[in-house]
Amino acid sequence: MHSMQKHGLKADPVTYSQLIKCCIARRAIEQGKLIHKHVYSNGHDPKMFINNVLLNMYVKFNLLDEARILFDNMSERNVVSWTTMVSGYCNCKLYGEALKYLVLMQREGVLPNMYTFSSVLRACDGLETLRQLHCSIIKCGLDSDIFVRSALIDIYSKWGELGNGFRVFCEMVTGDLVVWNSIIGGFAQNGNCDEALDLFKRMKRAGFPANQATLTSVLRACTGLVLLEFGRQVHAHVIKFERDLIINNAILDMYCKCGSLEDAEFAFKRMSERDVISWSTMITGLAQNGRSIEALDMFESMKASGPTPNYITMVGVLFACSHAGLVDDGWCHFQSMKRLYGIDPGREHYGCIVDLLGRAGKLDEAIQFIQEMEDEPDPVIWRTLLGACRVHKNADLATYVAKQILEIEPHDEGTYVLLSNIYANSQRWEDVAGVRKNMSGRGIKKEPGCSWIELNKQVHAFVLGDESHPQIKTIYREMNHLIKRITEVGYTPDMNFVLHDLEGEQKEDSLRCHSEKLAIVLGLISLPKEKPIRIMKNLRICGDCHAFAKLATKTEIRYIVIRDPVRYHHFKDGICSCGDYW
DNA sequence: TTAGGGTTAG
């Protein structure tokens with residue numbers, strides 16, 4: 001390039017295009033601009049092809065203003081020029097602009113092609129636009145293009161229309177790995193993890209070798225189902241190949257969410273590159289597993305040698321503080337967020353602070369904080385405070401808070417259940433009856449509690465008083481033996497928690513039918529002593545089951561991990577990682 | 001001879 005300039009030579013378009021490609025690959029912005037000048041140096045209008053190449057260069061450098069000036073000055077534009085602009089705006093998430101260019105190009109009589117559609121679909125601002133684009137795609141006969149197909153599947157799943165996405169997938173005649181990845185990712189992201197794993201099996205049967213994107217989605221599905229053993233297998237499979245940062249982060253998250261922090265820490269230490277997601281995953285993972293102090297230590301290391309913390313990192317940090325009762329630290333981090341990192345606190349941060357104050361019993365301060373918040377309090381914030389009212393047995397405040405929630409969400413079953421439990425704990429039986437009447441009057445039913453355990457790649461699920469498991473007789477026999485043993489070390493059934501089951505019979509022995517107890521006993525009789533017993537729950541663990549699990553680890557010398565919808569309880573030697581504070 | 005799709009943390 002330099003010697004050409006010295007001799008005043010002009011290159012042919014192919015040479016220019018190759019030089020520009022080099023600049024893009026090396027991210028050499030200044031050199032690229034120099035070539036641009038050189039192309040225009042003799043005053044003639046260059047060919048459209050070379051303008052398109054230059055346009056693409058600016059787009060790849062995210063220099064949309066420069067691209068736009070060039071585009072506006074071009075004497076001639078074709079579908080490639082327009083599509084380059086559309087994709088540039090999409091890459092910079094300027095979706096409104098992308099859609100505008102799609103309209104403008106059609107107005108100028110340029111027909112969008114498969115390249116244009118596969119790009120612009122990401123810019124959909126709602127289902128209406130999506131349907132219109134899908135119609136245009138079909139009209140133009142472009143719906144069989146695999147790029148368009150995967151983009152369609154992806155955007156349907158992002159807008160919660162997985163059924164339509166799946167229909168697009170099923171119409172596919174020739175296979176394509178990315179289209180498979182789109183549909184597997186779609187199911188995994190929408191929480192249909194079983195289907196995601198089924199499709200993954202189908203994909204393998206169809207002869208497609210999984211790549212990193214596939215396995216990242218598969219890991220996400222394992223995480224969603226808390227399938228530690230399956231996740232471990234995926235990890236073992238991934239180790240054999242080159243791993244990228246994204247899949248490594250997914251591995252970290254899988255181990256954290258499956259409650260195996262040792263594996264997560266091991267994987268984290270071995271990563272050659274860590275980004276803000278890796279650090280945030282570990283901070284949140286440690287905090288959710290009851291290891292808040294280590295989470296905060298991790299945050300300190302991140303500040304010392306890692307990337308700059310972001311919004312999500314701070315959610316993890318504040319979560320750690322609230323779950324460990326570290327009121328001062330929490331306040332300190334909350335107040336310094338904006339000053340140190342320019343992060344404006346959002347709903348999640350406010351929620352953590354309400355939790356922080358509420359758990360610590362500072363209910364008045366929590367209420368005051370809510371009233372002084374910039375945002376209008378949402379049901380999540382109020383529910384957090386309601387949880388604190390339960391822990392600190394403040395039935396009056398609970399009544400007020402529940403009213404706030406039910407004004408916004410009159411059918412929120414969790415609020416009714418929590419309120420009823422709070423009344424029950426305060427022996428206010430008339431109020432309990434009132435809540436129950438209110439619930440049945442509105443046709444609200446409590447979601448049944450469900451616990452499950454993964455044994456030998458099989459999931460065993462239980463609901464309250466479940467009799468359907470093939471080993472149920474053995475389970476109850478062992479349960480009776482176990483209760484005898486833990487009673488000797490201080491277990492007394494806590495009858496307050498019988499009332500958690502609003503719909504069922506209040507039988508004296510209904511406590512021993514709680515689904516997590518059944519799952520624990522199955523784990524005890526099925527797994528070798530050295531293996532941790534890992535239980536998953538859809539609802540929060542009740543106080544009686546919590547005491548039961550603690551004592552069982554003492555008498556049976558076992559390690560039990562229970563995951564509820566919010567956090568993990570690691571039981572060992574008769575104590576729980578949550579410090580009985582949840 | 002230029003333009004396009006799928007994957008990670010709350």
Side-chain angles (χ1 to χ4, degrees), chain A residues 12-18 20-21 24 47-57 59-60 77-88 90-91 112-122 142 145-155 157-158 165 168-169 176-186 188-189 210-221 223 238 243-254 256-257 264 274-285 287-288 309-319 346-349 351-352 380 566:
Chain A
D12 63 293
V14 179
T15 311
Y16 275 131
S17 126
Q18 280 165 349
I20 292 167
K21 264 190 204 159
I24 296 172
K47 286 188 174 153
M48 179 165 55
F49 157 66
I50 201 70
N51 271 329
N52 283 344
V53 174
L54 283 168
L55 207 57
N56 180 46
M57 176 188 79
V59 157
K60 290 278 151 63
R77 304 175 192 118
N78 64 1
V79 63
V80 178
S81 333
W82 283 99
T83 302
T84 306
M85 289 307 287
V86 166
S87 101
C90 283
N91 285 338
N113 63 13
M114 58 270 255
Y115 287 87
T116 329
F117 281 120
S118 57
S119 239
V120 82
L121 276 166
R122 258 193 305 163
L142 297 171
D145 182 82
I146 48 173
F147 286 78
V148 173
R149 204 183 281 277
S150 58
L152 268 173
I153 294 170
D154 187 52
I155 195 69
S157 97
K158 291 220 160 63
V168 173
F169 171 80
D176 175 73
L177 178 60
V178 179
V179 177
W180 277 102
N181 287 349
S182 301
I183 195 67
I184 292 171
Q189 282 157 26
N211 68 3
Q212 304 210 354
T214 328
L215 294 173
T216 305
S217 291
V218 169
L219 276 168
R220 187 179 170 129
T223 308
V238 169
R243 278 174 295 168
D244 66 6
L245 183 57
I246 298 178
I247 202 159
N248 277 332
N249 286 342
I251 287 168
L252 290 185
D253 190 47
M254 182 273 293
C256 286
K257 294 271 165 47
R274 305 177 188 114
D275 66 359
V276 67
I277 297 185
S278 334
W279 287 91
S280 307
T281 304
M282 286 308 296
I283 291 170
T284 307
Q288 287 176 329
N310 67 9
Y311 188 98
I312 297 175
T313 319
M314 294 314 297
V315 176
V317 169
L318 295 179
F319 184 95
R347 318 194 81 80
E348 295 92 339
H349 305 109
C352 286
V380 178
V566 188

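Here is the naming used below: chain letters follow the sequence lines, and residue numbers restart at 1 for every chain. All figures in this text were calculated on a predicted structure; none of them were measured in a lab.
One finds a side-chain N or O of R220(A) lying less than 4.0 angstrom from the OP1 or OP2 phosphate oxygen of dT8(B). Contact between the side-chain N/O atoms of N56(A) and the OP1/OP2 oxygens of dA3(B) is found at a separation under 4.0 Å.
F117(A) meets the ring pair (Phe, Tyr, Trp, His ring centres under 6.0 Å) test with no other residue; sequence neighbours excluded. Y311(A) pairs by the ring pair (Phe, Tyr, Trp, His ring centres under 6.0 Å) definition with H349(A), not counting sequence neighbours.
N113(A) places its CG atom 9 Å from the C1' atom of dG4(B), with the value rounded to the nearest Å.
Proximity note for V80(A) (side chain, C-beta onward) versus dG5(B), dA9(B), dA3(B): the nearest is dA3(B). Nearest to the side chain of S118(A), among dT1(B), dA3(B), dG5(B), sits dG5(B). For I246(A), whose side chain is taken as the heavy atoms from C-beta onward, the closest listed nucleotide among dT2(B), dT8(B), dT1(B) is dT8(B). In this structure, of dG5(B), dA3(B), dT8(B), it is dG5(B) that holds the atom nearest to the side chain of V179(A). Relative to the side chain of S87(A), the nucleotides dG5(B), dT2(B), dA3(B) differ in distance, and dA3(B) lies closest.
Nucleic acid contact class of F117(A) (heavy atoms, under 4.0 Å, all strands): none. Across all strands shown, Q189(A) has heavy atoms under 4.0 Å from sugar-phosphate atoms exclusively, and none from any base.
Taking 3.5 Å as the limit, the base of dG5(B) and the side chain of D176(A) contain a donor-acceptor pair of atoms between them.
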